Amino acid sequence: MAATTTAAVSWQPQEAGFKEICGLLEQQISPSSDKSQIWQQLQHYSQFPDFNNYLAFILARAQGKPVEVRQAAGLLLKNNLRTAFKSMPLTNQEYIKAELLPCLGSTDRQIRSTSGTIISVVVQIGGVLGWPELLHTLVKCLDSNDMIHMEGAMDALSKICEDIPQVLDAESPGSSERPIDTFLPRLLQLFQSSNATLRKLALGSVNQYIMLMPPVLYMSMDTYLQGLFILANDQSSEVRKLVCSAFVQLIEVRPSFLEPHLHNVIEYMLQVNKDPDDEVSLEACEFWSAYCEAPLPPENLRAFLPRLIPVLLSNMAYADDDESLLDAEEDGSLPDRDQDLKPRFHSSRFHGSDDAEDDDDDIVNIWNLRKCSAAALDIISNVFGDEILPTLMPFVQSKLSLLDDASWKEREAAVLALGAIAEGCINGLYPHLSEIVVFLIPLLDDKFPLIRSISCWTLSRFSKFIVQQGAGHREGHEQFEKVLTGLLRRILDDNKRVQEAACSAFATLEEEAADLLAPCLEIILQHLMCAFGKYQRRNLRIVYDAIGTLADAVGDELNQPKYLEILMPPLIAKWQQLSNSDKDLFPLLECFTSIAQALGSGFSQFSQPVFQRCLDIIQAQQLAKVNPASAGVQFDKEFVVCSLDLLSGLTEGLGSGVESLVSQSNLRDLLLQCCLDDSADIRQSAFALLGDLARVCPAHLRPRLPEFLDVAAKQLNTPKLKETISVANNACWAIGELAIKVNQEVSPVVMTVISCLVPILQHAKGLNKSLIENSAITLGRLASVCPELVSPHMEHFMQSWCIALAMIRDDIEKEDAFRGLCAMVKANPSGALSSLVFLCRAIASWHEIRSEDLHNEVSQVLLGYKQMLKNGAWEQCISALEPPVQERLSKYKV
C-alpha cells in the first residue's frame, strides 16, 4: 500500500490502496453495514504512514466518487490529525496541507465545508506561522470576487476565528504585524456583500474578537459600529441574531464604545426583542441583564421601561412549542428514564464563612426566551426597585383577571412576574403582600399543572415575609399554616413538575421558618415520607433535600421517638436496598449527614451500620481507583466525598460517642489515604473530617499524627493555592484543632506551618475570607501551645495577623487565638512594639470576652505595654486610635 515519495507533491496513491479505502468508506456510510468490523479495518490501515495522505487525496481529488464518500474521508482525516499530525513525517504534513487548500474552491459546498473544518484543526495543532500558504490563499480567495472561492475561504476563516481566535491575533516573529490586521478590513467590507452567507460568516468572525479587542479592531470601531447599524435590519435572521450578540458583548466588555449610540441601540433592541424569530428575540433579551450589570447610568434605560416591561411580560408566557408543556403532561407514576436524571454535584464540606451564595434555580434548566425575560425583569427590578410597579402591576393584574381556560399561559406568566420582582420590589409590594399571598394560595390547586408549579415557586420567593408574619400575629400565623399545608398538598401532586416545584419551594420555606416548623413536624414528616414512597428517581432527590433541610432547620426537636418512627424506617429500607455503587446513594448520604447532625446522640441507635458502610464505600472506591476489575465498580470520587462528609456529620452529631466506632475500625488509615488523594474534593472533605475527629477523639489519630500534620501543612504551601483554596482552608482549620488537643506534639511542624500561614496573612487581598480567618486562628492556636517556638518571629507577622484577628467574630476559636497572642507577648514583649496600634485594634474588635481568665490576660498585656512605654509614648499610641477603638479599650482599665 505504500507509495513512493521523493517530495510531498510527487506522492501518488496506489490504485489498489485507493480502491480498498474507498470501498471501506462506502461501507461505513451505508446504514446496513457492521460498523465495528469496518472500524477495525480502518484502524488496521491507519498503521500505514501514508494512510492519511490517501484520505486527503480522496477528499480533494476523487471526483468520480460520491460526495458522501469524499466527505467521510475528510471527517476521518480530521479525527486522525488530532492525534497523529505532530508525529507525522514532514513530507506527509506538507502533502495534506497542499491538498486541502484547493478544496476551498470546490464547487461542492460539503467538500468546502469539510476542508474548512480540517484546516481549522491543523491550525489548532500547528498555528498559522508555519503555514504561510494558508493565509496567502485565504486572502487571495476573499479578494477574488468569485462567490465559491469567497465562501470556501470565509467558511475556513470563520472556523479558525471561532475555535482559536488568538492565533490570528499573535504577532509574527520579527514584525509587529498580526494576521488579523490583514483580515479585519476585508471582513468589515463583507458586511455589505449581497451574499447572506458571507455577511453572516464575516460578522460572526469579527464578533469573536470583541473579548480579545486587538488594536486593529479598536482602531476600526466606528466602521464596525456603522456596519452593525447597516446589518441591524438584515433580511437574514441569523445576521440579526449576530448583530444582537455583538451589542450584548460590547455592553459587557466595552460599554464606553456604545455610550454615544445608546439611545439608538436600546431602541433597536426593544424592536428586535419582538422579532418573529425566537432566537433573535432571545439574543436581544440578553441585552437588558447585560446593560443592568454594566457600569452605565441606569437613567438611559429608565425612559424605555414603560415600553420594555410589557414586552418582557408578553415574552414570559410559554411558547406553544416549549418542551415544558409536554413535560407537564407526564404522569407522576411513570418511572424516570436515565436521561431524565440531571447530573448532580455534591459540594464538599467546608469549615468557615463561605463566600458563595446559592442561586435560585429556575425549575427546569433549558434557557429560552421565557426564562431570559424573567431573569431580565428580576435584574431590572433590583436596579429600579419600586419605580417599575406603576407600569408592571396593571399588566399583571389584567392578566391575572383572565379566568378562561384559553388564557392560562398569560395567568401563569403574571404569577412568574410576581416571583421575579419579589426581591427587587419588596418595599413597594410590602403593604400588599398579605393580599398577594391570599391570592396565590388558591392557585396551588389550579387545574393547570404549570400554574400550580409556578405558584409554588412564587410563594417561596416571599417565604421570608410569610415566616415573619407567621411569627408575628394570629392572622399571619394562619396564613403561614395555609401556605405550609398548601405546599404539602402539592408535594403529593400526581404531576412530576408540580412535585419538583413544591418540594423545592418547601425546602426554601423550611430554611426561613426553622423553629416555626416544630409544632407541625408530625404532619410535615407524614407528607414527606408519603412522597418518598410515591416519587420516581429524579424527584426523590428533591425529597431527600427537603428532609435534610428540615433536619438542619429544626435540629434536636427531631429527636423524639414519635418523629423517628415516621422518618427512619423508610430511609433505612432505601439505604439497605441500594448497592454501594448506586449513584442514587449520594442524596441519601447527604440526607443522613443532616439527620445525624440534628439528632446528635439520638442517632447512635442507627450509627453502627451507617459508619461501617461509609468505610466500606471508601475502601471499595480506593481499590477501584487502582484496579476497577477486582473492585467490581468504576471509581467515582463522589462516593468518597459523600461518605467522608457523612462521617463528619456523624462525628459532629455523636461527639465523643463516635469514639467506640472509630476505635474498632481502620478509619485512621483510610483517612490518611484520602488526605493524600490527588482529587482536591476528596482532600477537602478528608481534612474537614480530620478536624472533626481531632475535636472528639484525638487519641485515635496519635499513631499517625506526624503524617497527618505533614500532609496538612503541604496543602498550605502550594503554588496552586488559589485553585485549591477550600482544601487549604480545611487543612489549616484541622491543624489548629489538632494543636489544641495534642499540644507539644505539634512542635515538629510548627515552624513549617507558620511559614505557610504568614504569606497568606500578608497577601490577604484576593484570598477568601474564611482562609484568612482560619489562618489567623491556627497561628494563634500554635502560638498558645508552643509560644517559645513562635514568639521569636512575631515581628514579621504581627501587623497582618492583628488585622486578620480584628475581622473575626466573637467565638471560642477567637478566644484560642487570643490566648496564643497573650502567650507570645509574654514570651517576647518587644516583638509587638512596632505593631502596637494594630494589636489594640484587634483587642477592641471584641464585643465581650466571655472567658474571665482571657479577659484578665488581655488586660495584663495592655497594662504591661502601658508600663513599658514611658515619657508619653503610651498616650501617643492611644491617640493614634479611632475614638470607638479607644472607647472599647477603656473597659480594660488602661
Side-chain angles (χ1 to χ4, degrees), residues 345-358 593 597 637 640-642 644-649 651-652 671-672 674-695 701 708-741 746 749-750 752-783 797 800-801 803-809 811-817 820:
F345 301 99
H346 170 89
S347 51
S348 307
R349 212 169 168 83
F350 183 83
H351 268 280
S353 41
D354 211 340
D355 298 339
E357 284 185 23
D358 280 348
T593 305
Q597 281 168 267
K637 67 175 183 188
V640 183
V641 171
C642 289
L644 288 167
D645 289 350
L646 176 43
L647 289 169
S648 276
T651 307
E652 207 170 296
L671 180 58
L672 183 57
C674 292
C675 290
L676 292 159
D677 200 278
D678 48 14
S679 155
D681 291 339
I682 290 179
R683 295 201 308 280
Q684 181 179 334
S685 290
F687 286 112
L689 176 55
L690 178 64
D692 286 326
L693 289 170
R695 285 178 149 180
L701 300 170
F708 277 119
L709 288 168
D710 181 57
V711 65
K714 282 196 170 80
Q715 311 306 311
L716 302 172
N717 186 14
T718 160
K720 293 185 175 166
L721 183 69
K722 280 197 172 166
E723 291 161 44
T724 55
I725 207 143
S726 303
V727 182
N729 177 74
N730 287 1
C732 178
W733 173 77
I735 292 169
E737 291 293 341
L738 281 165
I740 51 176
K741 286 292 195 286
V746 295
V749 297
V750 164
T752 313
V753 175
I754 296 282
S755 66
C756 299
L757 296 177
V758 170
I760 291 173
L761 294 172
Q762 286 171 338
H763 304 106
K765 233 188 173 71
L767 293 174
N768 80 351
K769 181 170 161 236
S770 189
L771 178 62
I772 307 302
E773 288 182 5
N774 276 322
S775 298
I777 289 162
T778 295
L779 197 154
R781 285 173 158 178
L782 292 171
F797 58 76
S800 49
W801 184 39
I803 291 172
L805 288 175
M807 319 272 276
I808 301 173
R809 62 186 174 282
D811 65 9
I812 191 92
E813 295 184 344
K814 185 167 177 170
E815 286 186 11
D816 285 345

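Everything quoted here is computed from the prediction, not taken from an experiment.
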Evaluate side-chain contact (heavy atoms from CB on, under 4.5 Å) for V749 paired with I735, printing each intermediate quantity in order. CA-CA 10 Å; V749 297; I735 292 169; 5.6 Å; no

Just to verify, what does C675 make a side chain to side chain contact (heavy atoms under 4.5 Å, CB included) with, not counting sequence neighbours? L671, A686, F687, F708, V711

Listed by chain and number, what are the salt bridge (Lys or Arg N to Asp or Glu O under 4.0 Å) partners of [X], not counting sequence neighbours?
{"X": "R683", "value": "none"}
{"X": "K741", "value": "none"}
{"X": "K714", "value": "D710"}
{"X": "D811", "value": "none"}

Starting at [atom1] of [X], measure out to [atom2] of [Y] and round the result to the nearest 0.5 Å.
{"X": "D681", "Y": "L644", "atom1": "CG", "atom2": "CG", "answer": "11.0 Å"}
{"X": "K637", "Y": "I682", "atom1": "NZ", "atom2": "CD1", "answer": "7.5 Å"}
{"X": "S770", "Y": "I725", "atom1": "OG", "atom2": "CD1", "answer": "9.5 Å"}
{"X": "C732", "Y": "I777", "atom1": "SG", "atom2": "CD1", "answer": "8.5 Å"}
{"X": "S775", "Y": "N729", "atom1": "OG", "atom2": "CG", "answer": "7.5 Å"}
{"X": "N768", "Y": "S726", "atom1": "CG", "atom2": "OG", "answer": "6.5 Å"}

Measure across [X] and [Y] and return the closest heavy-atom pair with its distance rounded to 0.1 Å.
{"X": "A804", "Y": "A776", "value": "CB-CB, 3.8 Å"}
{"X": "C756", "Y": "L716", "value": "CB-CB, 3.6 Å"}
{"X": "A739", "Y": "V746", "value": "CA-CG1, 3.7 Å"}

Any sub-3.5 Å donor-acceptor pair from T718's side-chain atoms to Q715's backbone N or O? no

Residue pair L690, L738: steps toward the side-chain contact (heavy atoms from CB on, under 4.5 Å) verdict: CA-CA 9 Å; L690 178 64; L738 281 165; 4.2 Å; yes

All pairs passing salt bridge (Lys or Arg N to Asp or Glu O under 4.0 Å) where residues 727-739 contributes a residue, at least two apart: R695-E737, E737-R781

Testing the 3.5 Å rule here: is there a donor-acceptor pair between the side chains of T593 and D645? no

Mind checking side-chain hydrogen bond (donor to acceptor under 3.5 Å, both in side chains) for D677 and listing every partner two or more places apart, or none if nothing turns up? K625

Of all residues at least two apart in sequence or in a different chain, which pass the side-chain hydrogen bond (donor to acceptor under 3.5 Å, both in side chains) check with E813? W733

Quiz: residues 759-766 side-chain donor-acceptor pairs under 3.5 angstrom, not counting sequence neighbours:
from: Q762; atom 1: NE2; to: H796; atom 2: O; distance (Å): 3.0
from: H763; atom 1: ND1; to: P759; atom 2: O; distance (Å): 3.0

4.5 Å side-chain heavy-atom contact, I808 and L805: yes

Is any side-chain heavy atom of E773 less than 4.5 Å from a side-chain heavy atom of K814? no

Report the C-alpha distance between V750 and I754 in whole Å, list the side-chain angles of each, state the deciding distance to 0.1 Å, and finish with yes or no for side-chain contact (heavy atoms from CB on, under 4.5 Å). CA-CA 6 Å; V750 164; I754 296 282; 4.0 Å; yes

